Amino acid sequence: MIELDGVSKEFVVGGRAVRVLDDVHLSIPRGMIYGIIGHSGAGKSTLVRCINLLERPSAGRVVVNDRELTALDDGSLQRERQKIGMVFQHFNLLSSRTAAENVAFPLELAGWPKDKRRRRVEELLRLVGLWELRDQYPSRLSGGQKQRVGIARALAPEPDVLLCDEATSALDPQTTESILELLAAINRTFHLTLVIITHEMHVVTSICDRVAVLHQGRIVEEGPVVDLFLRPQNPVTREFVRQVGGREDPPIHPAGEMVLHCLFVGEITHEPILFEVAEEAGVRFNILQGNVGRMKEIPYGRLVVAVHGSENGKTRAVQALRNRGVRVEEVKAHGSGTLG
Amino acid sequence: MDPGLWGEIGQASLDTVYMIALSVLFSVAIGGPVGVLLVIAGPGHLKPMPWLYRAMGAVVNILRSVPFIILLILMIPLTRLLVGTSIGVTAAVPPLVASAAPFFARLVETALREVDRGVIEAAQAMGARPAQIIWKVLLPEARPGLVAGITITAVNLIGYSAMAGAIGGGGLGDLAVRYGYQRFDTGVMLLTTALLVVFVQLLQWAGDRLVLHFSRR
Ligand SMILES: Nc1ncnc2c1ncn2[C@@H]1O[C@H](COP(=O)(O)OP(=O)(O)O)[C@@H](O)[C@H]1O
Ligand SMILES: [Mg+2]
């Protein structure tokens, strides 16, 4: 359980106070994968650094696992931090230590005895699939391998919370995928709370349960990923949703033709809905564009279709699609708008 | 050359090695911690201590700007206090340290500043105490730079020790001056100089090997 209560952060730059975080309220339940998305400079890193107090908030309270971190002295804070793992964009491994020694590092800090340390390191390196490379120095590892070491290191002292600041932003798409899978598996296996900081919507849709959108130091929207995906309210959220094809520019089509943007979420993605509706309403669909994806475990499909048939049939088709739970929007030839 | 001279050269070589070893030891022991403090007490680092930071920086700068030959003379009272005499090989050590320690401190400072801030931050995020960060992060991560710094300091000390020796100290520099300069014995002067060159080469070679060993990682 992580609670941020009215957290603000100001930096003094050239004698002027710059407000980087503005009255942030967040409540992250135990065991959840929580995304925080925002553009570069939005304040994401500052926010996540306020959770483990690498950065002390100018105002507000930070509570992690019922301990108010903002009220602790340095010594107690250092002990609490061992229960909060952190994974970094640029891995931040010790170059003078091998993979295994890097994973052992936080255990040395926490004073684990040597043989207990060795067992834990082996367990973790096997978990992240790097046991064979245990004696390699970071300079010999690929980006993905370094991040696996980084994750193993963060998990070593058995934390309750894992903070990931752009953990996949320095990796290629394929490696990103495998690291996200690893993080999701860790969440399932150890019921760890994960905070995922990112500027990429696909990271949020692939593993997060809930998401907060940060813009200029403020949370402009927050909720379950599916809800934000389907009903983005804030322009910034809409923009991020567009990144994953939730809504794209309409394909070129003749003026006067009815074109629908259909969003299928959940089980209906697998049903022959278009076929059924075509029969029922006496219309024909012509698929112009489409893609399918997955929000964590929830499948979704997006189709842009042209509808051919009588005016009456078209109206019934739209109604029939909506009745089946499809989100339908009419795409106008110039710009787009929503049907009634 | 007469056999007695060989003995003298041998003794002078040992004296030089002794002077260098002792001076390197004390320079590292004093300059090292000062270098660490110059880093961590700096603005925005582990333990910002603006007052100490500025005071130490000033002392280091002053010591480094005094010409060595002046330092030798200025240090005489302190040297007497520390080793009981102001002449001889041991008496050469305090001025050598006074000159090399601040130099080494700056080298340590530079090496430690090279350590990636992200790595320090990662250690802080894991709950490392400042002392743990110094011993387990800063110093090990900067090891190649630190070893290179010790090598440079030692090589510099060889040059300075020749000068210190010349002022009644002893060692190879003293020998070179006594025979070469005062008695016009060019042979001895060249021989002792050659020996100093060999010392420098050996030190540099060993230092470079160590740096390479640590930075292969
Ligand atoms: N230590 C600091 N001092 C001054 N300004 C800072 C500091 N850290 C971050 N900032 C500023 O705060 C803003 C947000 O930074 P950051 O949290 O890193 O954003 P993000 O991670 O979303 O890209 C940026 O404008 C950045 O320049
Ligand atoms: Mg950032």
Side-chain angles (χ1 to χ4, degrees), chain A residues 11-12 45 48-49 51-55 69 72 74-99 101-111 135-141 149-150 153-157 159 161-165 170, chain B residues 32 35-36 39-50 107-108 110-151 207-217:
Chain A
F11 289 111
V12 179
S45 295
V48 80
R49 290 156 53 84
I51 296 179
N52 60 7
L53 255 65
L54 278 180
E55 213 73 79
L69 300 189
L72 297 179
D74 279 356
S76 328
L77 182 61
Q78 276 149 13
R79 268 192 305 283
E80 286 303 311
R81 277 186 182 149
Q82 294 173 354
K83 294 274 137 202
I84 308 175
M86 195 165 188
V87 178
F88 303 85
Q89 176 174 5
H90 299 294
F91 327 121
N92 296 350
L93 301 178
L94 287 132
S95 62
S96 55
R97 286 174 173 243
T98 61
E101 288 164 353
N102 263 286
V103 178
F105 180 66
L107 304 178
E108 286 173 30
L109 296 180
D135 292 329
Q136 296 292 340
Y137 286 92
S139 59
R140 296 291 191 82
L141 300 176
V149 176
R153 177 177 71 173
L155 289 177
V161 173
L162 200 58
L163 308 175
C164 305
D165 190 359
Chain B
V36 170
V39 173
I40 65 163
H45 215 281
L46 284 188
K47 281 263 168 219
M49 294 177 273
L107 294 179
V108 170
T110 312
L112 297 189
R113 281 199 200 286
E114 293 283 303
V115 176
D116 186 358
R117 285 309 292 258
V119 177
I120 299 172
E121 195 173 292
Q124 284 173 319
M126 287 182 260
R129 286 177 273 110
Q132 289 176 314
I133 294 180
I134 293 168
W135 287 106
K136 286 177 175 287
V137 180
L138 288 178
L139 295 175
E141 287 291 289
R143 199 153 41 193
L146 293 176
V147 172
I150 294 176
T151 309
D208 288 348
R209 287 287 304 251
L210 269 176
V211 170
L212 202 66
H213 172 74
F214 286 127
S215 42
R216 273 238 183 83
R217 333 208 110 165

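Nothing here was measured: the structure is a model prediction, and the numbers come from that model. Side-chain atoms are counted along with the backbone in the values below, which use heavy atoms only and exclude waters and symmetry mates.
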Review point. If you draw a 6.0 Å radius around CZ in R129(B), do more than 12 non-hydrogen atoms from other residues or ligands fall strictly inside?
Key: no
**Study point:** L53(A) versus chain B, the contacting section by heavy-atom distance below 4.5 Å
**Key:** neither
Point to revise | Greatest number of heavy atom pairs closer than 4.5 Å to chain A - which of V119(B), I120(B), V137(B) | key: V119(B)
Check your understanding: Any idea which of G118(B), A123(B), A125(B) has the most non-hydrogen atom pairs under 4.5 angstrom with chain A?
Key -> A125(B)
Revision key, fill the gap. All heavy atoms of A122(B) vs all of R153(A), minimum pair found to be CB-NH2, 3.6 Å
Study note, to complete from the structure: So, the part of F91(A) with a heavy atom under 4.5 Å from chain B: the answer is neither
Check your understanding: Is it the side chain or the backbone of A142(B) that comes within 4.5 Å of chain A heavy atoms, both, or neither?
Key -> neither
**Study point:** Candidate pair R49(A) and E121(B), rule salt bridge (charged side-chain N to carboxylate O under 4.0 Å, His left out), full reasoning
**Key:** CA-CA 10 Å; R49(A) 290 156 53 84; E121(B) 195 173 292; 2.4 Å; yes
Check your understanding: Do S96(A) and K136(B) come within less than 4.5 Å of each other through their side chains, counting heavy atoms only?
Key -> no
Review point. Closest heavy-atom contact between M126(B) and P106(A)?
Key: SD-CB, 3.5 Å
Review point. Atom CG of L109(A) and atom CD of Q124(B): how far apart are they, to the nearest 0.5 Å?
Key: 11.5 Å
Check your understanding: Which of the residues L94(A), T98(A), N52(A) is involved in the greatest number of heavy-atom pairs with chain B at under 4.5 angstrom?
Key -> L94(A)
